[in-house]
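Please read these numbers as outputs of a predicted model, since none were measured by experiment. Values below: every heavy atom of this structure, side chains too, minus hydrogens, waters and symmetry copies.
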Amino acid sequence: MQDISSSDKYHQRPTWDEYFLMLAKLAATRSTCLAFPVGAVIVKNKQVVATGYNGSPSGSAHCITQGYCYPGLNSCDASKILPSRAVHAEANAIAQASKYGISTDGSSIYVTLEPCLSCLKLIISAGIKEVFYETSFNSGEKALVRDSFVNEGLVTIKQVQLSENIAKKAASFLLSSISVSDFVNT
């Protein structure tokens, strides 16, 4: 078996799943939620059609700007009574597509956090057929409901992870200016 040289590692390309998951992770950096920064990317025919991240509704004060979700409550997940102020990343991505007249029928969605059941129902209703997520969220009875949708053939769900090499390569690209001469000389 041949060793992969550092040059070969540099030229390694991410899989499509890794590529779109990284875009979802970049979208999450725009999140205005104090509790769960989440990003989503809707993809059709290997083309991004919409992105979203979670945060307060458009035009409402951002939780990160005001430093709290509700007065006296520094994070929405700190209350068992008050609902989250955030519009979820998946809902924002679907809303963005709708706002600009882009069909999501037959598309896929990549999210950094497995969709909650409300978002999963919205995803199914929007005609999105595949969900790819990085971090698990649903368990117990919620997982049973999720699995019932999968068993009915309404949606497929798959957990994906970035390889360490691809994550390191992406970080190096983000942290430095990449020019053609830099790329050729490495």
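Put simply, the side chain of Ile128 reaches to within 4.5 Å of the side chain of Ile42, judged on heavy atoms. Side chains of Tyr133 and Thr112 form no contact here, defined as non-hydrogen atoms less than 4.5 Å apart. Side-chain contact between Glu134 and Val111: absent, with no pair of heavy atoms (C-beta onward) separated by less than 4.5 Å. Considering only heavy atoms from C-beta on, Lys25 comes within 4.5 Å of Leu162 through its side chain. Side-chain atoms of Ile123 and Pro115, non-hydrogen and from C-beta on, do get closer than 4.5 Å to each other. Using a 4.5 Å cut-off on side-chain heavy atoms (C-beta onward), Lys158 and Glu130 make no contact. Between Leu21 and Val41, every side-chain heavy-atom pair lies at or beyond the 4.5 Å cut-off.
Taking OG1 of Thr32 as the reference point, atom CG of Asn54 lies at 7.0 Å (rounded to 0.5 Å).
Residue Val131 forms a side chain to side chain contact (heavy atoms under 4.5 Å, CB included) with just one option from Thr156, Val155, Ile124, and that option is Val155.
The pair Arg13-Glu18 does not meet the salt-bridge criterion, since no charged nitrogen lies less than 4.0 angstrom from a carboxylate oxygen. Ionic pairing of Asp105 and Lys44 is not present here: no N-O contact between side-chain nitrogen and carboxylate oxygen is shorter than 4.0 angstrom.
Ring orientation note: the planes of Tyr19 and Trp16 are nearly perpendicular, at an angle over 60° on the 30°/60° scale. Phe137 and Phe36 have perpendicular rings, their planes meeting at more than 60° on a 0 to 90° scale where under 30° would count as parallel.
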